[in-house]
Structure formats: structure tokens, C-alpha cells
There are 2 protein chains.
Amino acid sequence: MAARHEEIADELRQAIDRGDYRIGGTLPAETELATRYGVSRGTVRQAVSALAAEGRIGSRQGARRVVLGNRRSQSFAELRSFAQWARAMGQQASGRVLEQFRRPATAEDASRLQIEQGDEVLQVLRVRGLDGELVLLERNVYPEWMASAVESLPADCESVVQGLYDATGVIFAHGEHVIDAVAAGSQDARLLGVRRGSPLLRIRRVTTTHAGRPIEWSDDRYRSGSVSFAVANSIGSNPLIRRAAEE
Amino acid sequence: MAARHEEIADELRQAIDRGDYRIGGTLPAETELATRYGVSRGTVRQAVSALAAEGRIGSRQGARRVVLGNRRSQSFAELRSFAQWARAMGQQASGRVLEQFRRPATAEDASRLQIEQGDEVLQVLRVRGLDGELVLLERNVYPEWMASAVESLPADCESVVQGLYDATGVIFAHGEHVIDAVAAGSQDARLLGVRRGSPLLRIRRVTTTHAGRPIEWSDDRYRSGSVSFAVANSIGSNPLIRRAAEE
DNA sequence: AAGTGGTCTAGACCACCGG
DNA sequence: CGGTGGTCTAGACCACTTA
């Protein structure tokens with residue numbers, strides 16, 4: 001069913017988790033993995049590059065690949081809805097719509113959703129919880145062509161992305177996220193049950209279809225301590241920085 | 001000098017920025033790009049997959065690649081030091097060591113740096129600025145084998161990563177970052193010039209060599225409003241979510 | 001000097017999208 | 001249905017690491 005390179009990537013992930021390859025140790029050479037799995041070297045390279053993108057292994061020309069760790073944290077590697085994310089962590093997502101109304105698009109809405117200022121948009125205010133505990137306040141803005149589908153969702157819809165897919169077939173394919181920290185405003189504080197001015201992790205996000213058409217933009221504010229996000233990183237294969245002149 | 005696939009990736013990036021390919025439009029087919037650049041299809045695929053990883057283009061089987069945007073924001077795609085990052089944004093990084101002392105490793109230090117509890121570590125408290133404005137408070141912990149090199153850096157060292165590379169040849173190759181929001185403690189507040197309890201963006205980070213050996217771990221606290229981080233995302237090529245049972 | 005990953009080629013087949 | 005991207009192969013050469 002799955003592509004061979006994905007199967008191999010999975011087997012390698014499991015082997016690392018199982019401890020077959022120690023953290024800090026090396027992976028077998030590409031050619032050896034190729035013969036072991038009965039595939040060509042190119043297929044092996046596809047598999048290991050997936051693990052490298054996840055931050056599990058590192059590589060550099062001339063040296064064996066190194067096992068860096070067995071990450072399991074929720075990362076940004078893949079676009080996931082809140083409900084999917086919760087399920088992957090073994091928790092139950094909940095949600096409730098507090099406000100929902102149509103209004104003309106502001107300049108900010110227009111730029112993010114690639115529509116004209118003054119076009120009708122649908123604004124929604126939702127609170128979301130994990131295993132019953134409130135963690136997130138979501139302010140979403142949808143363009144007019146999504147509005148009626150959103151309005152027809154139940155107010156306590158668990159997975160908005162799934163609901164909109166079922167209703168319209170629209171796929172949330174790409175996301176761009178900007179992360180910072182803000183102080184809770186009075187509405188934030190009241191709805192999340194925190195003190196005014198307390199720190200919130202804010203993620204502003206634009207989501208688009210495969211074709212790059214914006215579906216929504218959102219200002220998500222997470223209660224401090226309730227969630228954190230992880231990112232893994234590697235230097236480009238460049239020989240680091242060009243050294244300064246002297247010596 | 002650079003690999004052909006990187007040159008092609010650069011040319012495509014410039015072409016997108018120049019507007020040769022409109023946002024929302026499509027890129028030429030792989031085979032056409034291959035003949036145009038005089039390379040094989042595999043090389044073209046290497047180039048476009050770099051753009052996909054940056055969130056500039058999207059792709060799905062059977063359809064032309066779609067131009068999503070021309071991002072320029074500082075993203076996590078590549079591991080960069082604070083100084084490099086500042087330079088890429090056209091700003092001047094500064095830094096100053098406020099405290100620096102050796103102490104025995106706590107359990108937390110030991111786990112993050114993969115050393116034994118009680119081993120000597122070097123703790124450093126730095127403030128860092130962008131164009132003279134204070135934005136960041138850094139609490140670093142280094143293992144013993146890095147300590148003397150760190151101590152020999154000037155107190156106002158602009159680029160710690162560069163300085164340590166020059167002194168020891170150690171390369172900061174991999175990073176893992178955990179992001180959340182916290183309230184400023186009294187020391188944070190005093191040193192960053194904000195009110196106690198005001199929101200800070202916290203990034204806790206472990207950096208390792210190519211071989212996965214931890215070089216340092218750090219608790220970085222950014223003043224709210226001074227910086228934000230961007231991440232681009234795509235859904236796996238999976239046909240989204242498995243639909244629920246009915247219909 | 002041998003081993004290893006990085007790059008590149010030329011070709012093949014398939015699954016999927018679009019008109 | 002033709003065009004497209006996704007997968008896979010078998011081979012080649014090079015740059016780099018390691019011992």
C-alpha cells in the first residue's frame with residue numbers, strides 16, 4: 001500500500017526506538033541498507049531523508065549517518081488540525097463556538113485572505129479544550145465562499161477541518177504560522193480563566209488549499225503551560241560560516 | 001561551485017520573487033524545467049523539493065506545482081545563530097555577558113547535556129540586542145569540555161557560535177527547540193526592562209555537534225513584540241483524513 | 001586508500017488530475 | 001485520455017571523512 005521508501009523509513013524509526021541503533025551511534029551505510037531491504041540506493045536515500053527532516057538523524061558527506069534521538073514531540077513537520085493533534089497525543093479535543101457573525105473584511109482580512117476590503121467575511125470565536133481543560137482561544141476569519149459551510153457546523157464540533165471536508169470537500173493543505181507571545185486581554189482572560197495580562201502563546205496562521213487559495217486565517221492563543229511546540233533543525237551542509245580574515 | 005540543483009533552486013526562487021510565476025499560478029512541468037536547464041529530471045526534483053520545504057510551492061501527484069508565496073520571514077528551516085540571523089535581516093547583533101560561573105550539573109542539566117549529575121558545567125547569563133535594543137535574555141549551560149573556550153570569549157562577543165568555532169573548531173550542527181510563553185520573573189523583568197509578569201516568548205534549545213554530542217543548552221526569553229518566528233507547513237500527501245464511517 | 005554520502009543521469013512504470 | 005508528479009532502478013563520478 002504505502003511506498004517502499006515509507007515502509008523502510010518506518011522500519012528505521014522503529015529500529016531506532018527499539019534501540020537497535022543507539023543514540024549517538026551510526027546507521028549502516030546506504031549500500032548496505034539497500035541490499036538489506038532489496039531496493040536501490042535511491043530508495044534508501046528517500047527513506048533516510050525523511051528521518052533527517054524529522055531531526056532523528058544527521059548526515060554529512062563522507063561520514064556515516066548519526067542517530068540524534070527518537071523525537072516524539074508534536075512538531076510542525078506536518079500540518080495537523082487541533083483534533084488530529086489531540087488524538088495523536090491520546091487526548092480528546094473539544095470545542096465550542098461562542099460568537100459567529102458576518103462582517104465586512106478589514107484591510108488585514110483582505111490581505112491575508114486575498115480578497116477585497118469590504119467583502120463579506122465570517123468571524124468565529126471558539127474555545128477549545130483538551131480532555132475537558134480549556135487551553136485555546138481561536139479567532140477565525142473565513143472568506144465568503146466558506147461561510148455557509150462553517151455556519152452549518154454544530155456549535156460543539158470536535159474537528160472543524162474534518163467537518164468542512166465532509167461538507168465541502170475542501171482540503172486544508174498548507175499552513176503558515178507566525179509565533180509570538182502576548183499578554184491576555186480582558187476577553188482572553190475571561191474566556192480562558194486566566195488573569196488579565198498573563199502570558200499567552202499566540203500563533204497566527206493562514207491556511208490554504210492545494211492551489212494556495214486561502215481558506216481561513218486564525219489567531220490562536222494558548223494558555224501558558226498548556227502546550228508547547230517543538231522544532232528540529234540542522235545547519236545546511238555548508239562548512240558553517242566563512243571564517244573571518246585573520247588566521 | 002554550488003551544486004547544480006541549488007543553482008536551479010535559486011533561479012526558481014528569484015523567478016518567483018520577480019513575478020515570472022504568479023502566486024496561485026503553476027510552475028512548468030518537471031520535464032520542461034529539465035530540458036530548459038539542461039539537467040535530468042532527478043536534479044529538477046531536488047531543486048523543487050527545496051522550495052517545497054520552504055513553503056514556497058506545493059505539489060500533489062498528477063497536478064502541476066503551485067506557487068504559494070515568496071516567504072522571506074525568519075523561519076526554522078535552517079539552524080542559525082542569533083548573529084547570523086540578525087545579519088540576514090540587516091540588523092546588528094550585540095551581546096554582553098552578565099554572569100558566568102561553574103557549578104555542578106543538576107538533574108536537568110545532566111539529562112539535556114547527556115552527562116552525569118554533579119559533573120561540572122558552566123552557566124552563562126547573557127543579554128542580547130538588535131540594533132542596540134535589548135530583545136533577548138539567554139541562560140546557557142555548557143558541558144565541562146566547552147567551558148574554557150566559552151570563558152575565553154570576550155564579554156561582549158557578537159557571535160558566540162563563530163567565536164567558539166574559531167577557538168575550538170566545534171560546529172553547531174543540530175538544534176532542537178521547544179517553544180512556549182512564560183511570564184517575566186523579577187530577574188527577567190529587570191534585565192529586559194519590562195514589567196514583572198509581562199509575557200515573554202521562551203525557546204528552550206539543545207544544540208549538538210554533527211555526531212549528536214550536546215554542546216550547550218539554553219533558555220532564551222524574547223521580549224514580547226521584538227521578534228516572532230515563522231513556520232510553513234503542508235499536509236502529508238495522504239488523501240487527508242480517513243473519512244468517518246457513514247457516507 | 002578505502003569507505004561513505006552527495007550529485008547526476010537516463011530510463012521505466014504507475015497513480016492521479018485535468019479537460 | 002494525455003500530461004503530470006511520485007516512485008524506483010542501475011549505474012557513474014566526485015568530495016569528504018576516517019583510519
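Here is how names work: the chains are called A, B, and so on, in the same order as the sequence lines, proteins then strands, and each is numbered from 1.
- Between the CD atom of B/Glu30 and the P atom of D/dG6 there is a distance of 6 Å, rounded to whole Å.
- Using the six-membered ring where Trp is involved, B/His174 and B/His210 have ring planes that are perpendicular, over 60° apart on the 30 and 60° scheme.
- Between B/Glu176 and B/Arg204 there is no salt bridge, since no side-chain nitrogen of the basic residue lies less than 4.0 Å from a carboxylate oxygen of the acidic one.
- When only modelled atom types and interatomic distance are considered, B/Asp109 and B/Trp217 share a side-chain donor-acceptor pair under 3.5 Å.
- Comparing D/dT4, C/dT7, D/dG6 by their closest approach to the side chain of B/Gln46 singles out C/dT7.
- Per the geometry, CG belonging to A/Leu27 stands 12 Å off P belonging to C/dG6, to the nearest Å.
- Put simply, CD on A/Glu6 is 14 Å from C1' on D/dC8, counting in whole angstrom units.
- Contact annotation: B/Arg4 side-chain N/O to C/dC8 OP1/OP2 distance is not under 4.0 Å.
- Atoms CZ (B/Arg65) and P (C/dC16) sit 17 Å apart, rounded to a whole Å.
- Between the side chain of B/Asp166 and the backbone N or O of B/Gly163 there is no donor-acceptor pair closer than 3.5 Å.
- Checking the phosphate oxygens (OP1, OP2) of C/dT9, a side-chain nitrogen or oxygen of B/Thr43 falls inside 4.0 Å.
- Heavy atoms of A/Arg45 sit under 4.0 angstrom from at least one base atom.
- For the pair A/His5 NE2 and C/dC14 P, the computed distance is 17 Å after rounding to whole Å.
- When each of A/Gly42 and B/Arg60 is assigned the nucleotide of DNA chain D bearing its nearest heavy atom, the one mapping closer to the 5' terminus is B/Arg60.
- Closest approach to the B/Ala3 side chain among C/dC8, D/dG6, D/dT9 is made by C/dC8 (side chain taken as heavy atoms from C-beta onward).
- Going from atom OH of B/Tyr37 over to atom P of C/dC8 covers 14 Å, rounded to whole Å.
- The shortest side-chain heavy-atom distance between B/Met146 and B/Leu164 falls under the 4.5 Å cut-off.
- The phosphate of D/dG6 has OP1 or OP2 within less than 4.0 Å of a side-chain N or O from B/Ser59.
- Atom CD of B/Gln61 and atom C1' of D/dC8 are 13 Å apart (whole Å).
- Rounded to whole angstrom, the span from the NE2 atom of A/His210 across to the P atom of D/dG5 amounts to 15 Å.
- Here the nucleotide nearest the side chain of B/Arg41, chosen from D/dT7, C/dT7, D/dT9, is D/dT7.
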